[in-house]
Amino acid sequence: MPTIIPLADARASSQREALDRFVRAAAQGARASGALADTRGRPLRDLRISVTDRCNFRCVYCMPKEIYDANHEFLPRAELLTFEEITRLARIFVDQGVTKLRLTGGEPLLRRNIERLVEMLARLGNIDLTLTTNGALLAKKAPSLRDAGLTRVTVSLDSLDDATFRRMNDVDFPVAKVLAAIDAAAAAGLAPVKVNMVVKRGTNEASIVPMARHFKGSGHIVRYIEYMDVGATNGWRMDDVVPAGEIVRAIDAELPLEPADPNYTGEVAERWRYRDGGGEIGIIASVTQAFCRDCTRARLSTDGKLYTCLFATAGFDLRALLRDGSGDGAIGNAIAAIWRQRADRYSEIRTENTARVPKVEMSYIGG
Ligand code: SAM
């Protein structure tokens, strides 16, 4: 299994220098007119912001313990974007058409005073402001996050079976605490809670139906995610993927389902509702039914690099512009130029071989 430290890799590459030159030239260029769309006609609508590359879990498919151990070098504090820098960039992204911001990581609730950032972002106006968390610190923080202006929350939970879940998070964290966090989030007004379950063959398939049964009728929405080849440390194999079709068939056999229309173009999850009116589930079939065609997402890494695909190998350094005195107009120009030349469609061309390309880790780029 390759042991790639993404930042060192990205900093060393000549690709890095070429990207930096591109960003600088774009910042100084004239703003192209017209609506912002990439080379495949996709608009820029969503920004995922990784606020920390640290996590208190060591999920075996995301931050395996053997790599993210006591010797792993996380980003030093000075490398992180400050809340002011994140908010400034977010405002510029909103000016470019972004309507949805998601805070993620790493574990976003580990970032000190995260509520202050939520408050600053909420002031940007009419945006959907949400956050993805493993739930460990959520029960305590849900009311203050809601008060700060968070609209919704997504909680990751890979199994209701305590032994399976503890094995997957690899820090012995119990299911009961995540369930309590989901209740606390709902009580604080962050409902409906979306519950993300990554399905990995031979690891937690047996939890698919119990998870559906548990949340059916609760108003919360379980979203089953096909296990993906993000990063380069999780040893992904196509055989580990439980295809969306199999997940739907397993649930439908016990709790009959019917397809539901998407809420909007570009929605990541395919919606299915229970025939008896007991709510809905989502399926994120990023491997077997790639949705690159409608992908409107950009990602901002913890240290301020812009990635136009979850599976990118390098990003564009916006922090350099923030810290060299560039104005908002120049930064907006750079973002627009980066988006206009975007051609990513990794999930459409994925094979066992492309999976070995050293992509950046999800904890750094933001899940
Ligand atoms: N720490 C937070 C959490 O646990 O939700 C946010 C970051 S985490 C990287 C975001 C989401 O990505 C989680 O729902 C996680 O399960 C999912 N994820 C991580 N690695 C994945 C992989 N290889 N395939 C599919 N989903 C993955």
Side-chain angles (χ1 to χ4, degrees), residues 52 54-69 104-110 131-142 153-187 190-228 230-231 233-237 239-242 244 246-247 250-251 254-255 269 279 281-284 286-287 361-363 367:
T52 175
R54 291 163 195 263
C55 192
N56 42 0
F57 282 15
R58 284 294 175 271
C59 296
V60 289
Y61 55 80
C62 187
M63 293 181 75
K65 235 178 199 166
E66 313 82 68
I67 291 162
Y68 294 90
D69 59 9
T104 177
E107 172 48 43
L109 299 188
L110 286 182
L131 175 149
T132 305
T133 173
N134 59 30
L137 300 171
L138 181 62
K140 205 170 62 187
K141 284 182 174 273
V153 75
T154 298
V155 179
S156 303
L157 178 61
D158 293 328
S159 180
L160 287 173
D161 177 70
D162 203 51
T164 307
F165 183 58
R166 286 178 195 251
R167 245 190 330 273
M168 289 184 80
N169 64 54
D170 216 8
V171 293
D172 213 25
F173 200 83
V175 169
K177 284 200 173 169
V178 182
L179 292 177
I182 293 171
D183 288 346
L190 293 168
V193 176
K194 290 184 179 159
V195 181
N196 276 1
M197 171 178 171
V198 175
V199 186
K200 188 173 177 198
R201 175 83 71 205
T203 304
N204 62 341
E205 291 150 281
S207 305
I208 294 171
V209 177
M211 190 75 117
R213 204 179 289 120
H214 180 87
F215 286 104
K216 183 168 179 277
S218 70
H220 306 318
I221 303 169
V222 181
R223 299 173 348 144
Y224 297 88
I225 308 178
E226 286 180 346
Y227 172 53
M228 295 182 284
V230 285
T233 57
N234 69 4
W236 182 91
R237 295 171 317 133
D239 286 351
D240 294 331
V241 179
V242 179
E246 191 177 322
I247 298 172
I251 300 169
E254 292 200 30
L255 309 164
I281 59 161
I283 305 279
I284 303 182
S286 29
V287 178
E361 296 299 328
M362 202 161 180
S363 47

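As the structure is a computational prediction, the values presented were derived from the model and not from experiment.
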Which distance, rounded to the nearest 0.5 Å, do you find between the [atom1] of [X] and the [atom2] of [Y]?
X    : Y    : atom1 : atom2 : result
S286 : M228 : OG    : CE    : 4.0 Å
S156 : K194 : OG    : NZ    : 13.0 Å
R54  : L110 : CZ    : CG    : 9.0 Å
L137 : L109 : CG    : CG    : 5.5 Å
I182 : L138 : CD1   : CG    : 8.5 Å
H220 : D183 : NE2   : CG    : 6.0 Å

Check: [Y] and [X] side chains under 4.5 Å, non-hydrogen atoms:
X    : Y    : value
M211 : Y224 : yes
C59  : M168 : no
I281 : I251 : yes
F165 : L157 : yes
I247 : V199 : yes
R166 : P174 : yes
S207 : L160 : no
V155 : N196 : no

Minimum heavy-atom separation for [X] to [Y], with atom names?
X    : Y    : result
D158 : M197 : O-CE, 3.5 Å
S363 : M63  : CB-SD, 3.6 Å
A186 : V193 : N-CG2, 4.3 Å
R58  : Y68  : NE-O, 2.9 Å
L190 : A142 : CD1-O, 4.0 Å
T164 : S159 : CB-OG, 3.6 Å

So does [X] pair up with [Y], basic N to acidic O under 4.0 Å?
X    : Y    : value
R201 : D240 : no
D69  : K65  : no
E254 : K216 : no

Review point. Sub-3.5 Å donor-acceptor pair from the side chain of W236 to the main-chain atoms of V230, do we have one?
Key: no
Review point. Between E226 (side chain) and V287 (backbone), is there a donor-acceptor pair under 3.5 Å?
Key: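 At least one qualifying donor-acceptor pair exists.
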Check your understanding: What's the verdict on side-chain hydrogen bond (donor to acceptor under 3.5 Å, both in side chains) for N56 and N134, showing C-alpha distance, side-chain angles and the deciding distance?
Key -> CA-CA 9 Å; N56 42 0; N134 59 30; 2.9 Å; yes
Check your understanding: Would H214 and L179 count as a side chain to side chain contact (heavy atoms under 4.5 Å, CB included) if you check the C-alpha gap in whole Å, the side-chain angles of each, and the deciding distance to 0.1 Å?
Key -> CA-CA 11 Å; H214 180 87; L179 292 177; 3.9 Å; yes
Exercise for review: Go through the steps to decide whether V195 and F215 satisfy the test side chain to side chain contact (heavy atoms under 4.5 Å, CB included), and finish with yes or no.
Suggested key: CA-CA 9 Å; V195 181; F215 286 104; 4.2 Å; yes
Check your understanding: Can Y61 and V198 be said to form a side chain to side chain contact (heavy atoms under 4.5 Å, CB included), step by step?
Key -> CA-CA 9 Å; Y61 55 80; V198 175; 3.8 Å; yes
Review point. F57 vs F173 aromatic rings, parallel, tilted or perpendicular, using cut-offs 30° and 60°?
Key: tilted
Practice item. Test T154 against T132 for side-chain hydrogen bond (donor to acceptor under 3.5 Å, both in side chains), laying out the working first. Key: CA-CA 5 Å; T154 298; T132 305; 4.5 Å; no
Point to revise | Criterion side-chain hydrogen bond (donor to acceptor under 3.5 Å, both in side chains) on T52 and E107, from CA distance to verdict | key: CA-CA 7 Å; T52 175; E107 172 48 43; over 6 Å; no
